[in-house]
Amino acid sequence: MTACPTLVTERLILRPLEETDLDAYTELLMIPEIGRSLRLAADVSRAEAWRAMAQWRGQWELRGSGQWAVEERSTGRFLGRAGLHHPEQDDWPGLEVGWALHPSYWGQGFATEAGVGSMAYAFEVMGAREVFSVILPDNDRSMAVARRLGLTLVEEERVLSSYPDEPHGIWRIGRDEWDESPLRRGRDGSGPLL
Ligand SMILES: CC(C)(COP(=O)(O)OP(=O)(O)OC[C@H]1O[C@@H](n2cnc3c(N)ncnc32)[C@H](O)[C@@H]1OP(=O)(O)O)[C@@H](O)C(=O)NCCC(=O)NCCS
């Protein structure tokens with residue numbers, strides 16, 4: 001049993017990270033574009049990938065938030081991770097929505113779709129009043145996802161204790177904006193599938 005739920009969206013399954021994802025997750029973190037965007041060490045190891053997976057699963061158990069494995073429904077392929085993050089860190093803005101997908105699957109709206117599912121869970125199941133995204137100002141693709149999801153830049157440069165060398169932009173969406181968002185309803189008007 002795990003506190004991490006499974007969500008089904010139009011094309012994706014957001015499910016708990018499993019031990020069997022370790023090869024694919026290690027491969028994801030070793031991809032240069034991913035490493036550069038997330039500011040990972042060039043020689044990120046399988047052991048570090050395993051620890052990261054364990055931390056995501058642990059966050060679900062301890063705090064009821066965390067990242068999901070993103071799986072393509074039609075193929076069962078592991079596309080990456082996406083979801084929520086709320087670390088125990090005083091200068092973190094709050095509940096964050098985030099994403100990291102294998103570059104082979106960029107450009108198809110999968111991060112946006114996972115983001116909608118994550119925000120639906122945050123606002124409608126967890127009862128969040130606001131959701132943030134913490135993004136480096138050079139990460140154009142991630143900022144574009146945030147914009148598509150209706151987040152706006154509320155603080156241009158915050159130096160966080162977890163990333164002291166580089167200020168991050170803080171993006172935010174409030175519950176009222178989510179309630180009004182066209183993304184909140186599925187194409188058939190039934191709402192996101194949880
Ligand atoms: C950030 C990241 C997840 C964005 O991925 P992405 O594929 O660009 O984002 P989306 O899944 O929302 O796809 C949007 C693109 O798909 C297109 N698209 C196709 N179908 C779509 C649909 N149904 N819905 C939305 N967009 C769609 C959009 O037009 C857009 O195209 P463009 O790239 O030509 O502008 C990816 O670049 C990544 O993993 N980066 C490395 C990790 C990282 O930086 N994480 C964030 C740290 S803050």
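Nothing here was measured: the structure is a model prediction, and the numbers come from that model. Read the numbers this way: they start at 1 and go in the same order the structure lists the ligands and their atoms.
Only the side chain of Val145 comes within 4.0 Å of ligand 1, judged by heavy-atom distances. If you look at Arg148 next to ligand 1, the close heavy atoms, those under 4.0 Å, all belong to the side chain.
Between Arg81 and Tyr25, the side chains place a donor N or O and an acceptor N or O closer than 3.5 Å (distance only, hydrogens not considered). A donor atom on one side chain and an acceptor atom on the other are not found under 3.5 Å apart for Arg46 and Thr26. No hydrogens or angles considered: nothing links the side chains of His85 and Gln67 as a donor-acceptor pair under 3.5 Å.
Where the criterion is an N or O separation shorter than 3.5 Å, residue side chain and backbone included, Glu33 fails it with respect to ligand 1. Taking only nitrogen or oxygen atoms, main chain and side chain alike, Gln108 reaches within less than 3.5 Å of ligand 1. For a threshold of 3.5 Å applied to N or O pairs, the pair formed by Ala100 and ligand 1 contains no separation below that value. Taking distance alone, with nitrogen or oxygen atoms compared against 3.5 Å, Tyr105 stays at or beyond that limit from ligand 1. At a 3.5 angstrom cut-off on N or O pairs, Ile34 does not count as close to ligand 1. Residue Ala111 has at least one nitrogen or oxygen atom sitting less than 3.5 Å from a nitrogen or oxygen atom of ligand 1, judged on distance alone. When only interatomic distances are considered, the shortest N/O to N/O separation between Gly109 and ligand 1 falls below 3.5 Å.
When each atom of ligand 1 is checked for a heavy atom of Thr112 under 4.0 Å away, the hits are 10 (P), 11 (O), 12 (O). Close approach of ligand 1 to Leu38 (heavy-atom distance below 4.0 Å) involves ligand atoms 43 (C), 45 (N), 47 (C). Close contacts of ligand 1 with Arg11, meaning ligand atoms under 4.0 Å from a residue heavy atom, involve 23 (N). Annotation for ligand 1: atoms under 4.0 Å from non-hydrogen atoms of Asn139 are 43 (C), 44 (O), 46 (C), 47 (C). Applying the 4.0 Å criterion to heavy atoms of Val134 picks out, from ligand 1, the atoms 48 (S).
Of the candidates Trp171, Phe110, Trp106, the one placing a heavy atom closest to atom 36 (C) of ligand 1 is Trp106.
For Trp92, the CH2 atom counts as densely surrounded, since its 6.0 Å shell holds more than 12 non-hydrogen atoms of other residues, nucleotides or ligands.
Of all the heavy atoms in Ala114 and Leu12, the pair that sits closest is N-CD1, 3.8 Å. Nearest heavy atom pair, residue Gln59 against residue Gly66, reads OE1-N, 4.1 Å. Across all non-hydrogen atoms, the minimal contact from Ala100 to Leu28 is O-CD2, 3.9 Å.
Taking the six-membered ring for Trp and the full ring otherwise, the centers of Trp106 and Trp99 sit at least 6.0 Å from each other. Side-chain rings of Tyr121 and Trp68 approach one another, their centers coming within less than 6.0 Å.
Counting heavy atoms from C-beta on, the side chains of Ile170 and Leu153 never come closer than 4.5 Å.
Using 4.0 Å as the threshold, Gly107 has a heavy atom nearer than that to some atom of ligand 1.
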